[in-house]
Amino acid sequence: MIEEKFLEISQVYKAYGTGDSRQEVLRGMDFSVAKGEFCVLLGPSGSGKSTLLNIIGGIDSADEGYISINGDKLRDMDEKALTRYRRKHLGYVFQLYNLIPNLTVKENIEVGAYLSDQPLELDELLKTLGLYEHRHKLPNQLSGGQQQRTSIGRAIVKNPDILLCDEPTGALDYNTSKEILKLIEDVNQKYGNTIIMVTHNEAIQHMADHTIKLRDGQVRKNTVNENKISAVDLDW
Amino acid sequence: MKSPLGKRQLRMLKRDWKKYAVLFLLLVMTIGFVAGMFVANDSMETAAIEAYDKYNIEHGHFELKDKATDTLISCFEKEDIQIYEQFYKDFEEDSDGDGKKDAKIRVFQMRGQVNLACLMEGVFPEKKDEIAIDRMHADNAGIRVGDRISLSGHSVKVTGLVASSDYSTLYENASDLMFDAITFDIGFMTEEGYQAISGKQVYQYAYQFDQAPADEEEQKAWSDDLVEQLAILSATGGYTDDKDEAEELEEHIEEWTDYLEEIKEKADRAEELKEELEQEQKELEQKASDRQYVMQLLTGAGYDLTQIMTMSEEQIAGIVQEVLMTDEMQEKLRELTGIGEDLEKEEDRIKETTDRLEALEPYEDDINEITDFVPEYANQAIHFAPNDMGSDKAMGEVLLIMLVVILAFIFAVTVNNTIIKDSAVIGTLRASGYTRGEMLRHYIALPVIVTLLAAVVGNILGYSVFKDVVVAMYYNSYSLPSYVTLWNMDAFVKTTVIPVVLVVVINVLVVSGKLRIAPLRFLRHDLSTSRRKKAVRLPAFPFMTRLRLRIFFQSLGDYVVLFVGICFVSLLLSFAIGLPSTLEHYADGFGDMLLSKYQYVLKDYKDEDDRIITTNTKGAETYSVTSLKTIDGIHVGEEITVYGCIDGTDYFPISEGLTEANRKIVADEDSTDTDRKAAKDTDSADTDRKTVNTVPIPVAVSTAYAEKFHLSQGDSITLKETYESTTYEFYVEEIVDYEAALAVFMPMTVFNETFDMEADAFAGYISNEKITDIDEDYIVQEITQDDFMKIVNQLNHSMGGYMDYFAVICVGMAALLIYLLTKLIIEKNAVSISMVKVLGYTNGEINSIYIVLTSIVTVLSALVSLLISVAGIQAMWESVMAELNGWFAIYMGRNDFVEIFVLIMVAYIIVAFFDVRRIRKVPLTEALKNVE
């Protein structure tokens, strides 16, 4: 059982805008995630999921409170240190894949591999992702699911400590979504990465170790799932 | 591990190959041409420098009125110089055998010691009817080896074409405004051939210092001393080279001559008295021989006969003389005795004085007069070509840098657009841990690679193709010796390293600014660098206008680069159109610009019989003229023509005000009893310099002089004698419209007083009709309109022919620049264009938004660029003319501006055609892609 605090989110506040247009997005967000845990951030639009994910990813900053990874607080890091942190510890998966259009599947994954001193073996990963046959194709020759697989491959090839997934199935159909979720589950099990996934699909919480339900920038429910199921068994 | 992003570069290049091809082409052409220019210029400059040793170029030359005696030459050579005869004769050259003069040819004997000629084709002459002529002139006149040409009616065969090191630029005279390779030629004949053709010989001597001066400054200092020494030696027949000694000698000679004159007068008087007394003595003796008369005289004097009988003959003679000698005779005798005593006393001084004058007699045969002196550093015929190459290089370098900067900005704009397109990818990569430096290197790699490749290809073309183009251009203007192509490090640095560095620096500055944006904002496609969050409020314009304005503001950076690009092209076009236009302007209007159709310079204003030389030619009037040199300002050493003109002149453009201002000064002097010509030491560092006048002389200056030296009314100017340290101070009373020369005008009376001339003296006649009633022997020079037209013709020949091609290249460059920038603007707006298509806008309506907007910007940019380019071209022209003698302003008329504008528009219309097609090709699906 995963128990130690790996990722700690402590009293995090975040607001955008000033004066009348000021909008508080995060209002004292507070929870922690253990190493190797599959954590789902669940909530409706505007609940602060993506903002929190961005702050965890070091591409946005908290106004108050802190986030620490293995005891290292992000707020104490300068830009270079944050870049090093992302380079060493993080992998990102986005809803819209953000693949480089004029690089092949394999090359797009190499983009991630380049950042690591000990990247995963590429061909094996391609096989794991089910992309080996498509490795020489450009993104525009792939389906949405294949593109997202590539995007996941790019994120995990450097074997990051934390994999941040922002609505990874948001742009995919049901079956493809399940395939991607299964892939993420497999990755989590195979490589032991801590996974933080933002979604508004409530069904996904059933495959997670830990679910944080957010609303209006606050944690409404923090649940550890004792009876998680496999992604293949999900239904929505 | 090598960054996998590198694999994108080739694909990005492939995707945008048209854009990069255009940029590559522009860079290759520019770098190639400039590299060619650098290589050609430096190779030819090296050849020119080596020519100093190889062809033993003089350190200067001078001309004497008569052939120098051996003694005088020896005296000259004591000034640590070696003298070489370089006599020449000028002839009329008839190259086409029609019996008419086609050019003036200056014929020298073949040279064996200094200023050797480089044989470019054929062989040197061996027989007396053979000649080798200048290669450049031969090309212009269509003369080939083997042709026969006529030298003032004397037929000779051209055996060779040469480039003479002291005439690499065919300046007939060192002070000429422009060289003339069309109607001026030089030739070399054997000694026998040279002697066989009769003509007026000019006694020119080349000199070389025994020890070569270390640099130009030393050469200038030595030359300044030398010209004075040679002038003094010539004037004193080699007696001295010291100015003070020469002046002292002149005073002594006058004193001694006066003394001996006085002695001579005394001696003459003594002789006269002696003769008279002798005559009178004879008469007395005759009377004494008459016995009867003597007896009467003696008895009359009281002697009796006895006494008389006892007297000796001598006694009788003495008494007779005593009785007969008159008071007058006695007075004469006394005077004669006095003179005799005086002469006896002065005997030593007379001998001494006579000896001194006799000692000077040998020098009389050696007295001569220096009529021209041209040190090597000031000899345009030697220096103009290398200097021109240097200034061309500087201009090429500036143009290259300007173009590279513009292209670098285009690269940066292109990269910026790619960054905008790749926004989400960059956000992802940055979020994944890619550093800003890695992103920066990735995005500027392609521009740098393209620039580097263009530099390499450009340099290869520069060494092979463009070098020959540049060399051909120079060989079309100058008579340069053969050269060897040399590897040029400077060219490599300036055409490879600097462009690459510029591209890197500009792209780093522009792109790193963009990449400074936080990864999150990349992910959100929020790449605005402006802090402004709210949209600019626009007035209540029609919708389409507001839409265009929005697009304009959104693409402001692109439009700014477009404006700069158009300014650059406009500047080049100003040169391409302005130069021919200026030449045409001067060619058409030179007749009106000149003071008169004819100017005659006389040897002296009086003839052999001391009568003033006159003419009955209608409208002819006398004038005075001399040349002075500038000592400060934009061009030190520039020759200024100073004219003196009669009151009420019909030719010189001075006003009554100038005459009045001079009269006032004279009146003031009279009333205060001062003398404006009282010399004063100039309180400058140059202690040798003496200013002649204490009160600045009010003068009129020509517009050409005022424009070149930025003179305004009320300014003071100081000018210096050409071969002396005497200076004159003038005051600009008025600036008069005269573009043909750098000139100063003043009333003749003031001129004559200032330059210490007789009150009635003048230099010659000025007239609109040819003067035929003055003996040609009295005329030194006849200046006609053709002489002034030489500059126009030569410039037209050297550069005019290239300008049409240059204009075409400019239009091409304008088209490419506009193409690149409008392409960028359309690509940047591709999603918007697609979106409005989806909404139902027709291609015509979309064109009316984008094409009309770009058209308006282009038109406005072209109009504004005209003003900027005119200022730019004038500044460039001024810097070019500062290096040359003389001045003419760049002239651009309304039609030229219209032409430049039209050419830019032509370029734009061609581009607009492609833009319309490009907008039509933007797919509807573009709007639906990459949108979250």
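Heavy-atom basis, side chains included; hydrogens, waters and symmetry copies ignored. In the text below, chain A, chain B and the rest are named by the order of the sequence lines, each starting its count at 1.
For chain A, the nearby parts of B:Arg430 are the backbone and the side chain; heavy atoms of each come within less than 4.5 Å. For chain B, the nearby part of A:Leu99 is the backbone; its heavy atoms alone come within less than 4.5 Å. Contacts between A:Arg154 and chain B at a heavy-atom distance below 4.5 Å involve the side chain alone, from C-beta outward.
With hydrogens and angles ignored, the 3.5 Å screen pairs a side-chain donor or acceptor of A:Lys158 with a backbone N or O of B:Ser432. Proximity of a side-chain donor or acceptor of B:Tyr434 to a complementary backbone N or O of A:Val111 within less than 3.5 Å is detected.
Looking at heavy atoms from C-beta onward, A:Arg86 lies in side-chain contact with B:Pro519 at the 4.5 angstrom threshold. Between A:Ile100 and B:Leu429, the closest side-chain pair of non-hydrogen atoms falls below 4.5 Å. Using a 4.5 Å heavy-atom threshold, the side chains of B:Arg11 and A:Glu107 count as touching.
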Side-chain donor-acceptor distances from residues 438-447 of chain B under 3.5 Å, at least two apart:
residue: B:Glu438; atom: OE1; partner: A:Arg87; partner atom: NH1; Å: 2.8
residue: B:Glu438; atom: OE1; partner: B:Thr435; partner atom: N; Å: 2.9
residue: B:Glu438; atom: OE1; partner: B:Thr435; partner atom: OG1; Å: 3.3
residue: B:Glu438; atom: OE2; partner: A:Arg87; partner atom: NH1; Å: 3.2
residue: B:Glu438; atom: OE2; partner: A:Arg87; partner atom: NH2; Å: 2.7
residue: B:His442; atom: ND1; partner: B:Gln9; partner atom: NE2; Å: 3.3
residue: B:His442; atom: NE2; partner: B:Arg8; partner atom: NH1; Å: 3.0
residue: B:Tyr443; atom: OH; partner: B:Arg8; partner atom: NH1; Å: 3.4
residue: B:Tyr443; atom: OH; partner: B:Asp422; partner atom: OD2; Å: 2.8

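Taking a 6.0 Å sphere around CE of B:Met12, one finds it holds more than 12 heavy atoms contributed by other residues, nucleotides or ligands. For B:Leu10, the CG atom is loosely surrounded, since the number of other residues' heavy atoms within 6.0 Å does not exceed 12. Heavy-atom contacts from other residues, nucleotides or ligands closer than 6.0 Å to CD of A:Gln141 number more than 12. For B:Phe914, the CZ atom counts as loosely surrounded, since its 6.0 Å shell holds 12 or fewer non-hydrogen atoms of other residues, nucleotides or ligands. No more than 12 heavy atoms of other residues, nucleotides or ligands shown are found within 6.0 angstrom of CZ on B:Phe409.
The shortest non-hydrogen separation linking B:Val425 to A:Asn98 is CG2-O, 3.7 Å.
Judged as a side chain to side chain donor-acceptor pair (under 3.5 Å), and not counting sequence neighbours, A:Ser68 has no contacts.
Considering OH of A:Tyr114 and CG of B:Leu5, their distance stands at 8.0 Å, rounded to 0.5 Å.
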